[in-house]
Enquirer: 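I'd like to ask some things about the structure below.
The analysis underlying the following values was restricted to heavy atoms, covering all of them including side chains, and did not include hydrogens, waters or symmetry mates.
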Amino acid sequence: MAKPAEQIDFIWEGTDKNRQKAKGELAATSEIIAKTELRRRGYRVTKIKKKAKPLFAAKSKPIKPGEIAVLSRQLATMLNAGVPLVQSFDIIGKGHENPSMQILLLGIKADIEGGDTLAEALKKNPQYFDELFCNLVHAGEQAGILEALLGKIATYKEKTESMKKKIKKALTYPIAVLVVAFIVTAILLLFVVPVFEDLFKSFGADLPAFTRMVINMSEWLQEWWWIILGIIIACVYAFGYFKKRSFKFNHFLDRALLKLPIVGLILNKSAIARFSRTLSTMSAAGVPLVDALQSVAGACGNIIYFEAVLKMREEVSVGQRLQFAMQQTNLFPNMVQQMVAIGEESGSMDAMLGKVADFYEEEVDNLVDNLSSLMEPIIMVVLGILVGGLIVAMYLPIFKLGAAVG
């Protein structure tokens, strides 16, 4: 498979369709392709050259979802203030600290100058702007309320990212502490226990059963540590491999996570909050329900809910009410179904779903706080047993020897 050609930054000068002077930057694989692209956009190029790289170039950083949320808010604010769209992208792009974000924004600006709508320009970057984002922007452009919808997108993105961070914190904190505990225990068994073992051999006395067990564990780990390390690396690699490539593995993992005692409750409520928030935002934008559910499915963050929403979409497309379609999935609580039913009957679906989203987002916040409070003493007990147990095992023979001498 051929390796894709590397993009080169070009600086150009010329005139636009109105024969006004214009200049800018463009990334392309060659000078010929750059000129062709500029001609397609309606520019007549008089001068073009490669952009000189600075001696100490800023390191490129990946674009994070939080930066897209901030971009949405900045665009909404600027458009509300009367700043033209192209100028808004120019201001935000040139002032951004992340070089990758600068390239993305100035590229979108160039596409808009070339005649694309904002939605069309965003669709060229699907890794940053998903179907939901593009559909809402398109609806805003069609209805002439782009700034209002960008504000709704910003609110949606901010709430979604906030929830993701809280769930990530709740899940990663105990895992990180347990990993550290495992590493500390391994270090003690590999390097500290052998020193005590040599000391105990010089005593020539019988060791307590607990101390003997720890020493046996240390000897076993010293002999087979490379196999254990290999198994851990293989498991981590296999997990990452199947997580990216296997739908069945992800389906099994998501279903298993939803059944966990406390974590499962958080993930269930989080999926319902995302479903409600996304559908509320799209309903407020005037997107038809059947079209909206396609985007909502991908926003739930869980394959089980993804499949359920797609099934609901099929039923709604043949005339079924959304409430009854939700009831068939056995995933949505009765309260959510009733709120949706009220929204369908009163024509205020976006408002009802917004209230549901607010309720479940608050529930997730409370559960995450409770989980964090619950995990701290449990983690301290685990650390105390692991580290404290090893220390006690090493000092038992010394206490026994002291008692015998006394």
Side-chain angles (χ1 to χ4, degrees), residues 7-29 31 33-54 57-58 60-130 133-142 144-151 153-154 157:
Q7 296 270 334
I8 304 167
D9 290 329
F10 291 94
I11 299 174
W12 60 273
E13 294 179 7
T15 55
D16 59 16
K17 296 175 183 177
N18 300 321
R19 298 187 179 182
Q20 298 293 320
K21 286 186 177 181
K23 60 182 180 178
E25 295 180 15
L26 180 71
T29 54
E31 185 176 320
I33 292 176
K35 287 182 177 179
T36 303
E37 175 63 19
L38 288 167
R39 278 199 300 269
R40 186 187 71 80
R41 296 178 182 179
Y43 295 105
R44 183 176 178 273
V45 180
T46 57
K47 184 179 179 182
I48 187 169
K49 65 178 181 179
K50 289 182 183 179
K51 183 181 179 182
K53 292 184 178 180
S60 179
K61 296 188 294 183
I63 297 173
K64 298 178 181 178
E67 291 178 306
I68 302 299
V70 173
L71 168 64
S72 307
R73 180 63 66 195
Q74 289 174 320
L75 283 175
T77 303
M78 288 191 172
L79 291 178
N80 274 320
V83 181
L85 185 61
V86 172
Q87 190 177 350
S88 297
F89 272 100
D90 188 63
I91 294 169
I92 299 170
K94 290 180 178 177
H96 211 285
E97 296 178 355
N98 187 348
S100 300
M101 198 70 177
Q102 288 182 11
I103 294 170
L104 173 67
L105 296 177
L106 294 177
I108 294 172
K109 172 202 165 190
D111 288 333
I112 295 171
E113 287 177 324
D116 287 347
T117 64
L118 177 57
E120 291 169 344
L122 296 179
K123 283 180 181 177
K124 294 180 180 179
N125 303 278
Q127 67 272 41
Y128 306 120
F129 304 100
D130 56 18
F133 197 113
C134 296
N135 286 346
L136 288 172
V137 168
H138 177 71
E141 288 181 309
Q142 293 294 314
I145 52 170
L146 181 59
E147 61 275 8
L149 273 185
L150 280 171
I153 294 172
K157 287 282 184 184

Enquirer: So how far is it from Leu136 CG to Asp130 CG, rounded to the nearest 0.5 Å?
Expert: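 Result: 9.0 Å between the selected atoms.
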Enquirer: For Ala76 and Gly151, which heavy atoms make the closest approach, and how far apart are they?
Expert: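 Smallest heavy-atom distance, with atoms named: CB-N, 3.6 Å.
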Enquirer: Looking at Leu85 and Ile112, what are the two nearest heavy atoms and their distance?
Expert: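 So the minimum-distance heavy-atom pair works out to CD2-CD1, 3.9 Å.
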Enquirer: Please give me the minimum heavy-atom distance between Ser88 and Leu79, naming the atom from each residue.
Expert: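 Looks like OG-CD2, 4.4 Å.
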Enquirer: Could you tell me which residues satisfy side chain to side chain donor-acceptor pair (under 3.5 Å) with Arg73, sequence neighbours excluded, listed by chain and number?
Expert: Thr155, Glu158
Enquirer: What closest approach, in Å, do Leu106 and Phe89 show between heavy atoms, and which atom pair accounts for it?
Expert: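 Nearest heavy atoms, Leu106 then Phe89: CD2-O, 4.5 Å.
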Enquirer: What pairs with Glu13 under salt bridge (charged side-chain N to carboxylate O under 4.0 Å, His left out), at least two apart in sequence or on another chain?
Expert: none
Enquirer: So Thr15 and Thr46, do their side chains get closer than 4.5 Å, heavy atoms only?
Expert: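 Not in contact.
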Enquirer: Does a side-chain heavy-atom distance below 4.5 Å link Ile153 with Phe129?
Expert: no
Enquirer: With sequence neighbours excluded, tell me which residues meet salt bridge (charged side-chain N to carboxylate O under 4.0 Å, His left out) with Lys123.
Expert: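 Per chain and number, Lys123 pairs via salt bridge (charged side-chain N to carboxylate O under 4.0 Å, His left out) with no residue.
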Enquirer: Who are the ring-ring contact (aromatic ring centres under 6.0 Å, His included) partners of Tyr43, not counting sequence neighbours?
Expert: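 So Tyr43 forms a ring-ring contact (aromatic ring centres under 6.0 Å, His included) with Trp12.
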Enquirer: Name all residues meeting the side chain to side chain contact (heavy atoms under 4.5 Å, CB included) criterion together with Glu67; count only those two or more places apart in sequence or in a different chain, and write none if there are none.
Expert: Ile63, Lys64, His96, Asn98, Met101
Enquirer: Could you give the distance from NZ (Lys109) to CD (Gln87), rounded to the nearest 0.5 Å?
Expert: 9.5 Å
Enquirer: To the nearest 0.5 Å, how far apart are CD1 in Ile91 and CG in Leu75?
Expert: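 Answer for the CD1-CG pair, Ile91 versus Leu75, is 10.5 Å.
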Enquirer: Applying salt bridge (charged side-chain N to carboxylate O under 4.0 Å, His left out), can you list everything that pairs with Arg39, at least two apart in sequence or on another chain?
Expert: none
Enquirer: Who passes side chain to side chain donor-acceptor pair (under 3.5 Å) against Glu37, sequence neighbours left out?
Expert: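 For Glu37, the residues satisfying side chain to side chain donor-acceptor pair (under 3.5 Å) (neighbours in sequence not counted) are Arg40, Arg41.
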Enquirer: Measuring from Leu146:CG to His138:NE2, what's the distance to the nearest 0.5 Å?
Expert: 12.0 Å
Enquirer: Identify the heavy atoms of Cys134 and Ala119 that sit nearest to each other, and give their distance.
Expert: O-CB, 4.0 Å
Enquirer: Residues in side chain to side chain donor-acceptor pair (under 3.5 Å) with Lys94, at least two apart?
Expert: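 Lys94 satisfies side chain to side chain donor-acceptor pair (under 3.5 Å) with Asp90 once adjacent residues are dropped.
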Enquirer: Please list, chain by chain and in numerical order, all residues satisfying side chain to side chain contact (heavy atoms under 4.5 Å, CB included) with Gln127, sequence neighbours excluded.
Expert: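 Scan of Gln127 (side chain to side chain contact (heavy atoms under 4.5 Å, CB included), adjacent residues dropped) gives Asn125.
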Enquirer: So Ile108 and Leu118, do their side chains get closer than 4.5 Å, heavy atoms only?
Expert: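 Of all side-chain heavy-atom pairs linking Ile108 with Leu118, at least one is under 4.5 Å.
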Enquirer: Evaluate the side-chain proximity of Leu149 to Val137: yes if any heavy-atom separation is below 4.5 Å, no if none is.
Expert: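 Side-chain contact under 4.5 Å: no.
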Enquirer: To the nearest 0.5 Å, what is the distance between CD1 on Ile48 and NZ on Lys35?
Expert: 6.5 Å
Enquirer: Among all residues two or more places apart in sequence or in another chain, which pass the ring-ring contact (aromatic ring centres under 6.0 Å, His included) test with Phe10?
Expert: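 If we apply the ring-ring contact (aromatic ring centres under 6.0 Å, His included) test to Phe10, skipping adjacent residues, there are no hits.
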Enquirer: Just jot down the side chain to side chain donor-acceptor pair (under 3.5 Å) partners of Arg19, sequence neighbours excluded, or say none.
Expert: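 Expected list: none.
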Enquirer: Sequence neighbours left out, what passes ring-ring contact (aromatic ring centres under 6.0 Å, His included) with Tyr128? Give chain and number order.
Expert: none
Enquirer: When rounded to the nearest 0.5 angstrom, what is the spacing between CG in Leu26 and CD1 in Ile33?
Expert: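 Here the interatomic distance stands at 10.5 Å.
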Enquirer: With a 4.0 Å cut-off on N to O distance, would you call Lys124 and Glu120 a salt bridge?
Expert: no
